[in-house]
Participant: 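Take this structure, written in structure tokens, and hold onto it; I'll ask about it next.
Source: prediction; values computed, not measured.
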Amino acid sequence: NYNPALTLNQIALGETNSTEEFYVLGNRSSGNSLIPPRDLDLVSKKQKISVRTLDDYCHGMGLSNIDILKIGICWVLLKFVGFTVLLHYI
């Protein structure tokens, strides 16, 4: 169902703004990642993606606050995506 009050984004968040290699493991894989897999033969394609800080994204979108933030993340990547401070409040 469409809700105009919600904004969905497919973006990569990080500690700094950068361009990173994104490893795609297949059309239906949930293992796609910014971290290279142990077996590079599993990679079906690599693509460069833009990584932004959450602050930069909010500033660019003109957001002063976020009501709901749902993220899909591997716990190993928390430092990479800059959520170490956020964990203090969970």
Participant: Residues two or more places apart in sequence or in another chain: which of them pass side-chain hydrogen bond (donor to acceptor under 3.5 Å, both in side chains) with N17?
Facilitator: none
Participant: When rounded to the nearest 0.5 angstrom, what distance separates OH in Y57 from CG in L13?
Facilitator: 9.0 Å
Participant: Tell me if a side-chain donor or acceptor on S44 pairs with a main-chain N or O of V24 at a distance below 3.5 Å.
Facilitator: yes
Participant: Could you tell me whether the side chain of E21 reaches within less than 4.5 Å of the side chain of K48, counting heavy atoms only?
Facilitator: yes
Participant: With sequence neighbours excluded, what pairs up with K45 under the salt bridge (charged side-chain N to carboxylate O under 4.0 Å, His left out) test?
Facilitator: none
Participant: Who are the side chain to side chain contact (heavy atoms under 4.5 Å, CB included) partners of D39, not counting sequence neighbours?
Facilitator: D41, L42
Participant: Might you point out which heavy atoms bring I49 and L34 nearest each other, and give the distance in Å?
Facilitator: CD1-CD2, 3.5 Å
Participant: My understanding is that only residues two or more places apart in sequence, or in another chain, count here; which of them pass salt bridge (charged side-chain N to carboxylate O under 4.0 Å, His left out) with D56?
Facilitator: R52
Participant: With P36, which residues qualify under side chain to side chain contact (heavy atoms under 4.5 Å, CB included), at least two apart?
Facilitator: Y23, L40
Participant: Looking only at heavy atoms, what is the nearest atom pair of L25 and N32, with distance?
Facilitator: N-OD1, 2.8 Å
Participant: Evaluate the side-chain proximity of I66 to L54: yes if any heavy-atom separation is below 4.5 Å, no if none is.
Facilitator: yes
Participant: Within the distance-only criterion (no hydrogens, no angle test), does the side chain of S18 pair as donor or acceptor with the backbone N or O of E20 below 3.5 angstrom?
Facilitator: no
